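All remarks here apply to the structure that follows.
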Amino acid sequence: MANRVAIVGIGQTTHSGRRPYVNDGELIYDAVTRALEDAGLTINDMEAVMAGNMDMFEGHHLNDAMLNLYSGAAGRPGFKMNTGGTVGTMTAIQGWYHIASGLYDVCLVIGWEKHDEGPATPAISTITDPAVDRHFLVGAIGGLATVSVAYMQRSGCKLEHAAMVRANASQAAHRNPMAHMREIYSVEDVMKARMVMYPLNLLMCCPTSLGATAMVLASESKAKKICKKPVWMKDHVTVHVEYGGAQFGIGEKRWTSHMEAGAKLFKRNHITKPMQETQVFEMYDPFAFAIPMWLEDFLVCEPNEGWKLIEKGALKLEGEYPVSPSGGVLCTNSIGDSAILRVAEAALQLRQPIRRCTLHQLYRRLRHT
Amino acid sequence: MKEKVQEELIYINKTMKIPYKWRTGEVWGEFFRELKENGIIYANQCPTCGRAFCLPKDVCTRDHTRCTDRSKWIPVGPKGTLVTYFMAEQSFLLPTTGEMLKIPFAVGIILLDGATVILQHQLEETDEEKIKIFMRVEAVIKPKAERKGNIFDIVHFKTITE
Amino acid sequence: MAGRVGIVAASATKFEAAKPYQHLMDLVVEVTDKVVEAAGINLKDDIEAVVSCSQDFWDGRTISSMPIPDAVCSHLKDESKVAGDGAYAVLYGAMHILSGDNKLILVVSHCEESITDGTMIENWSIDHIFHRWLGLDYTMGAAMQARRYMDRYKVTPEQFAKVVVKNRGNALKNKLAQEAMNLTVDQVLKSKMLADPITELQKKPVSDGACAMILASEEVAKKLTPTPVWITGSGNYYEHHNLGDRDLAECDALIKSAKRAYKMAGINNPVKDLDLVELSEYYAHEELLWTEGLGLCGRGEGGKLIDSGKTQLKGEIPVNPSGGLLSGAPVTVAGMARVAEAVWQLQGKAGEHQVQGAKRAVAHGCGGLAGQMHCVLVLEKGGK
């Protein structure tokens, strides 16, 4: 039986578009220091240090090893994960495996991105094969725009709903001092923004942020000694889909990685009514259509209901089922850090006594094109 | 740790390039050869589940059956249906050329007639009003002399009415 | 370790200087099919998760594991990518099993070094504020390390050359090896000078290939094969990156890794307790340094160890009976190929370079500038 794993320390840097007076090592060091302070531990208590980041965004090969002085990994065990947008969650899961396997008791996991230092969009385009479709992806936004168009067509969701999502997110981010875009936007403001890639306009896409997040994970016996309110990483799931038509429902029933992930996770944890049995959902929502679309896809709500929930205001910070109360990726997107930040924000929510249970890690991978 | 606005420090500005020589492999190699020599778009069929892949696949992603048997290949398209699309109205840097994208640039996800798996390619139509999901499109293939055996042998997909 | 993790089967492609007819995916399909057949399982139904290992820059694509789910039939399954040496992927796979999450998983690593220029990629892994712009690559780093090592411990280039003669000679018996040669010390020393004291033959050749492995929980492994190989110890540590922060003549990270792994596996005297060692020597001098780190001899005695002949194929503690990295294997696959060789040895399937009666082995993976990260795995034959 696996050891239980808890999050006992959380540290994130402030997020912003540019921080010209900080280099990437210092950014990591900032997050690590905050996480250790939060846990009341020192780097010497860490048995392993793990990092997650993408090589091409800033142009560094093996950057886990390169920056290990700052992360504290020098002289300690650890290795790097690299799985794209999901890398942050993957790193948290890597930490989970380190502890659940019984090999380590206390670990530090780090995700970071310094987006102002490299070309993110062309780097993302290179996820595709150079021989066939690399020219036609145009970054993450290209892929996300295509699924948005399909979603609008399928469900009846309108551009206005996406604008509402963004307006909600701006309200949430405004209250989050660590978020990148903290300006409040009204639905009209969002609708008026410049179109970047139909149907996504500038405000409906995530910004390019920089920032880092670190978490201290501990085994059950250690966690209880370290802090009074450990947050347990109860379950996690990772799912992939093939490249093909299944996510658009061509030639067969529509079944995406989200659906499989949601189905597996809810079944394993005996959750039958996700919206009642969980209280908050931190979603990796890199574009405004993500929240309605993926709530449906994660089987949290019924098909084509997502945008109706938004109309009702149910997903707002003070609504009945807050989604991304931190402002989400829509307001802060430091890619290598975004996913681990979702875990961290969800854990922060759980530290408050009001909200008890949650689905911990709905994990998705940028695999839609 | 509150941050003060400081004077900007020194940047290191470099553009780094790495040369690559990617292999297309057996299946894509054959696909591109057919496209170049005969101007035909081929899909390969999985002998187990019968799905026709265009772009072709070495193995079926569902049942791991080898799909390299050349006799099982079928020509697909050039007509097809637009499943979904995006339309770039802002320019981006392209990794394939190292240059900025010429806008407007519309890319469609297209299901070619006879295939079960989607193909992603550029659309000729760049007027957003005129692009409709499930509209019919057709591949425009370069004249033989200009074909080089790569994905750009298909110029783009044009809208057709049937 | 809590439970035991069994390696059911391993497979690798033949390592070649270039595989122009194969897309990366084809390599993965090839090794996956081989290993699935060897393990006698059904890829689609039995494998629960996949751990892959590759690196973005070497493959020229971000998230280089993107095509892997297609190649290993993991539609709607779990796949995660380790960006480092293959030995880490095996370790991560073992963690999947130890945690109780999975019972049967596939680990694959793949790389086609020949598609690009390794020097540039190595240069990109060096810190971008100070040292990258000096034009450093791993060969230069290795040369500095070799010099420092020679200086401190009075090891000689002839002793480095003996490693090449031994490993490339062992490779003559290994069907998967890329560069198998009958060499003399003189030939090695007289080959083209890359960065003094490292000559061309002392460096791992550019290589293409892939490697795959099936890992299982104790119960499942015993059902699947009469010859499971157990992972009984593991250890991995980083060195500092900045060359000024470490002494290149030492290998503290490896010493710590080995210590941890040996403690887990209950090994007190590595030379006696181990039957063979498969280690990652990207450059000839590294084998000497790593044998010290692994405790096969005292500090500074790596040169004497190779002179003594103990590490020869028929010696007391054969090191790299397969020919090691000097006989070819791409980065990222390197460490996993070492594990695979050790597995075949323990299963008695190594072929002509079989070490008779091998029961316990160490496989070592490493990466980064002058061996910046090390991963040590102790493997044991069934029983006990």
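Convention: sequence-line order gives letters A, B, ...; per-chain numbering from 1. Keep in mind that this is a model prediction, so the values were computed, not measured.
In terms of heavy-atom pairs under 4.5 Å with chain C, the best-connected choice from A:L67, A:I99, A:D24 is A:D24. Of the listed residues (A:G75, A:A74, A:G25, A:P77), the one with the most heavy-atom contacts under 4.5 Å to chain C is A:P77. Per-residue heavy-atom pair counts under 4.5 Å with chain C were compared for A:D64, A:N23, A:V49, and the maximum is reached by A:D64. Highest contact tally toward chain C, considering only A:M259, A:K264, A:H98, is held by A:H98 [criterion: heavy-atom pairs under 4.5 Å]. For chain A, the option among C:K256, C:Q55, C:R61 with the highest count of heavy-atom pairs below 4.5 Å is C:R61. With respect to chain A, the highest number of heavy-atom pairs below 4.5 Å among C:H240, C:H128, C:E239, C:M373 belongs to C:H128. Counting heavy-atom pairs closer than 4.5 Å to chain C, the top residue among A:S125, A:A48, A:G78 is A:G78. The candidate with the highest count of non-hydrogen atom pairs below 4.5 Å against chain A, out of C:G60, C:C53, C:A253, is C:G60. Contact tally against chain A (heavy-atom pairs below 4.5 Å) for C:Q372, C:E122, C:M25: the top residue is C:Q372.
Of the atoms belonging to C:D252, not a single heavy atom falls under 4.5 Å from chain A. Neither the backbone nor the side chain of A:V5 comes within less than 4.5 Å of any heavy atom of chain C. Of the atoms belonging to C:H23, it is side-chain heavy atoms, and not backbone ones, that fall under 4.5 Å from chain A. In this structure, no portion of C:L24 lies under 4.5 Å from any heavy atom of chain A. Residue A:N63 does not touch chain C at all, counting heavy-atom pairs closer than 4.5 Å. In this structure, the portion of C:D245 lying under 4.5 Å from any heavy atom of chain A is its side chain and not its backbone. In this structure, the portion of C:R132 lying under 4.5 Å from any heavy atom of chain A is its side chain and not its backbone.
Using a distance-only test at 3.5 Å, with no hydrogens or angles considered, no donor-acceptor pair links the side chain of C:N123 to the main chain of C:D137. With hydrogens and angles disregarded, no donor-acceptor distance shorter than 3.5 Å links the side chain of C:E79 to the backbone of C:P69.
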Side chain to side chain donor-acceptor pair (under 3.5 Å) between A:R76 and C:N236, intermediate numbers included: CA-CA 8 Å; A:R76 297 196 168 73; C:N236 62 307; over 6 Å; no
Worked verdict on C:D56 versus C:T62 for side chain to side chain donor-acceptor pair (under 3.5 Å): CA-CA 5 Å; C:D56 293 4; C:T62 286; 4.5 Å; no
Side chain to side chain donor-acceptor pair (under 3.5 Å) evaluation trace for C:H75 with A:H240: CA-CA 6 Å; C:H75 178 56; A:H240 288 263; over 6 Å; no
Evaluation steps, side chain to side chain donor-acceptor pair (under 3.5 Å), between C:S125 and C:Y138: CA-CA 9 Å; C:S125 78; C:Y138 290 179; 2.7 Å; yes
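In this structure, A:Y97 has its ring center closer than 6.0 angstrom to the ring center of C:Y92.
Nearest heavy-atom pair, C:S257 versus C:V376, reported as atom, atom and distance to 0.1 Å: CB-CG2, 3.8 Å.
A:E58 meets the side-chain contact (heavy atoms from CB on, under 4.5 Å) test with A:N53, A:H60, A:E113, A:K114, A:E117; sequence neighbours excluded.
A cation-pi arrangement is present between C:R260 and A:Y104 under the rule of less than 6.0 angstrom and at most 45 degrees off the ring axis.
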